Amino acid sequence: MLTSATLMREAAAGDLLARQVAIMVPLTKRSFIVVALGLALIALLFVPLAGWPRFLLWAGAILAALTLRTATLAYIFRRQTSANPLRQAERAIMLTTGLLGLCVASGAFVYYPVADFPTRALITLILCAWPAGGLGVLGVHPRSFLVYLTLYYAVLCSAWWIYEPHLRAVSALMVLFATTIGLLSLQIGSLIAQTVTLAHEKDVLLSDKDALLVEKDALIGELETARSQAQEASQYKSRFLAAASHDLRQPVTALSLLAGTLGESNVDPKVRTLAQQIVRGLTALESLFTAILDLSKLEAGAVQITPTTFDLTELYAELESEFKPRFAARGIEFDVAPHSLWVVTDRVHLERILRNLLDNALKYTARGRVALTTERCDSGIALVVTDTGPGIAPVEHERIFSDFHQLGVRTSRSRHAGLGLGLAIVRRLAHALGITIGVRSDVGQGAAFSVALPQSMLAVRPTPAASCDAARAVDLAGSTIAIIDNDDDVRSAFGLAIDQWGAHPIVARDGGEALARVAATGRTPDVVIADYHLANGERGTDVIAAFRKAYRNVPALLMTGDGDVELLEMYGLEVVRKPVPYAALRARIAGLLAARQRHA
């Protein structure tokens with residue numbers, strides 16, 4: 001006999017599944033358009049290679065599986081029956097979703113037999129990215145999506161093992177990528193479950209409106225309780241975002257370091273090319289994830305503003321170095337007009353504003369020119385990003401800064417459409433900094449986004465500091481670097497990267513183990529790198545303090561997956577946010593060693 005608690009759990013599970021189905025039904029119907037566009041693109045790329053029969057058979061299987069899944073969801077949505085049939089319906093959803101994954105992944109066996117290595121690598125990247133594109137639809141029901149991922153990457157890895165047996169290590173990278181997507185789907189499912197729970201509680205509170213009106217005093221008490229629960233939910237959301245930031249950045253950090261190490265290794269050039277493509281994909285994934293977290297921090301008013309005095313020339317040079325190859329890869333000219341002008345504002349946030357504007361120009365410009373310039377104006381100066389894209393109608397000038405707003409016109413060569421958050425983040429960051437964002441554009445005439453800094457932010461050039469160019473010349477070979485991180489994959493990736501540089505890595509999961517291992521080697525560590533969150537509540541700041549006590553203020557780098565980097569910098573430490581790129585990590589370590597040599 002079922003207990004009341006069991007019945008309540010089953011009712012809650014049935015309610016959750018019903019809400020998930022209600023979300024998935026309209027999304028799944030619209031996904032036909034996205035899938036059709038994807039298949040059309042693949043047809044243009046690979047039909048000349050494999051022929052129409054192979055493509056039509058594969059595309060037909062995908063559309064049939066998608067139709068079956070859509071029909072199943074529609075049938076379940078119409079019935080909306082009791083908990084037991086809903087459990088059967090969940091199995092049907094998992095079965096049809098898994099079948100869809102098998103059909104899509106079977107494309108590897110369709111194209112691999114007739115493709116050479118570069119083409120297989122391209123096919124692999126497209127197929128690896130496919131589940132990420134479907135995360136918003138399939139990830140609503142995490143159980144079925146995990147079945148989808150398991151079957152999907154099992155087929156993809158099997159095909160790679162069969163047709164590229166000498167590069168089986170790539171399958172491990174696929175598994176890491178699948179794990180990252182799977183973790184993100186679980187977090188999405190958790191948020192949906194919380195939303196359903198809160199909605200259910202709201203329905204209970206409003207179900208007997210007449211009784212609540214009569215018992216006014218009880219209503220006031222319940223409203224206070226609801227307000228308290230809302231505050232707790234908001235606090236839980238903040239804790240969840242912090243945990244998601246740390247936990248999801250861990251595998252991306254490990255994968256980024258492994259791909260960077262593989263790219264620098266003395267291996268086949270094809271493998272290095274594939275590693276570089278993986279790094280670009282990880283960069284795009286991290287960019288989307290960071291955008292969501294940044295928007296949450298801005299909404300909560302948790303952004304820390306730290307004004308510094310810096311030269312715009314250096315900022316422009318960094319942006320030019322980053323974006324010029326990306327624009328050149330699309331045949332777009334990128335011009336940067338350096339202007340030696342010193343300003344006082346938060347450099348990190350101003351750089352993020354300009355980077356988002358340049359990313360936006362990259363997405364919408366198919367050909368021509370993009371420029372980053374500085375203009376004088378009555379109120380101060382304006383940093384201007386202009387492009388020769390399709391332009392923006394005046395009626396859209398204000399809407400483009402709204403959350404998730406995307407213009408319908410986008411260059412077909414853009415691989416990453418984004419979430420429509422870039423300009424929304426730009427507007428919020430500008431407000432936090434006290435600067436103004438403007439746009440001049442019309443349809444067919446390109447666009448010009450201006451970042452206006454008032455006269456009060458202009459500064460006199462300070463006394464030149466000692467040059468840091470020595471950091472670029474520092475040779476890490478022979479140095480001893482201690483790594484403290486409680487994630488096994490991250491420690492392993494760090495060890496491989498440091499070994500690749502000719503240095504001696506000493507890896508440990510906590511401070512006590514790290515100190516013991518360093519003492520056992522008889523070496524003095526040149527640099528200590530510690531994650532902020534370690535096992536059993538230990539903090540990286542405490543570990544660094546212990547090392548500096550034992551080894552006379554050894555240079556240290558604090559890593560974190562949290563968003564509040566500004567708060568950690570209050571400890572007076574060098575701080576980097578995960579995932580730290582391979583080249584950037586080496587540069588930061590070299591900078592620490594160079595600074596130590598200057599002060600020796």
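Every heavy atom of this structure was used, including side-chain atoms; hydrogens, water molecules and symmetry mates were not. Keep in mind it's a predicted model, so treat the numbers as computed, not measured.
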If you compare all heavy atoms of [X] against all heavy atoms of [Y], which two are closest, and at what distance to 0.1 Å?
| X | Y | value |
| --- | --- | --- |
| Leu127 | Ala108 | CD1-N, 3.7 Å |
| Asp489 | Asp487 | N-OD1, 3.0 Å |
| Asp485 | Asp531 | OD2-CB, 3.4 Å |
| Ala92 | Thr72 | CB-CG2, 4.0 Å |

Looking at Asp359 and Arg326, is any side-chain nitrogen of the basic one under 4.0 Å from a carboxylate oxygen of the acidic one?
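A salt bridge links Arg326 with Asp359.
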
Would the number of heavy atoms belonging to other residues, nucleotides or ligands and lying under 6.0 Å from CZ of Arg143 be above 12?
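Incorrect, the count does not exceed 12.
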
Check each of Leu358, Val385, Val426 against Ile353 using the side chain to side chain contact (heavy atoms under 4.5 Å, CB included) test, and report the only one that passes.
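Exactly one option meets the side chain to side chain contact (heavy atoms under 4.5 Å, CB included) with Ile353, and it is Val426.
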
Is it the case that Asp116 and Thr119 place a side-chain donor and acceptor less than 3.5 Å from each other?
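There is such a pair between these side chains.
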
Establish, from distance only, whether the side-chain atoms of Arg69 and Thr97 form a donor-acceptor pair under 3.5 Å.
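Yes, side-chain donor-acceptor contact under 3.5 Å.
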
Can you find a pair of side-chain heavy atoms, one from [X] and one from [Y], that are under 4.5 Å apart?
| X | Y | result |
| --- | --- | --- |
| Tyr148 | Leu100 | yes |
| Phe449 | Ile392 | yes |
| Val147 | Leu151 | yes |
| Arg120 | Tyr163 | yes |
| Phe327 | Leu362 | yes |
| Arg367 | Arg330 | no |
| Ile62 | Leu39 | yes |

Please check this pair: side chain of [X] against backbone of [Y], looking for a donor-acceptor N/O pair closer than 3.5 Å.
| X | Y | answer |
| --- | --- | --- |
| Thr96 | Ile93 | yes |
| Ser492 | Asp488 | no |
| Trp58 | Cys103 | yes |

[atom1]/[X] to [atom2]/[Y] distance, rounded to the nearest 0.5 angstrom?
| X | Y | atom1 | atom2 | answer |
| --- | --- | --- | --- | --- |
| Ile332 | Thr365 | CD1 | OG1 | 5.5 Å |
| Asn360 | Asp387 | CG | CG | 7.5 Å |
| Leu68 | Leu63 | CG | CG | 12.5 Å |
| Phe109 | Arg54 | CZ | CZ | 12.5 Å |
| Ile162 | Cys157 | CD1 | SG | 11.5 Å |
| Phe117 | His166 | CZ | NE2 | 6.0 Å |

What do the steps show when you test Val104 against Tyr152 for side-chain contact (heavy atoms from CB on, under 4.5 Å), and what is the final call?
CA-CA 8 Å; Val104 177; Tyr152 188 99; 3.5 Å; yes

Result of checking Tyr112, Tyr111, Trp160 against Thr124 for side chain to side chain donor-acceptor pair (under 3.5 Å):
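Going through the options one by one, the only one that passes is Tyr112.
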
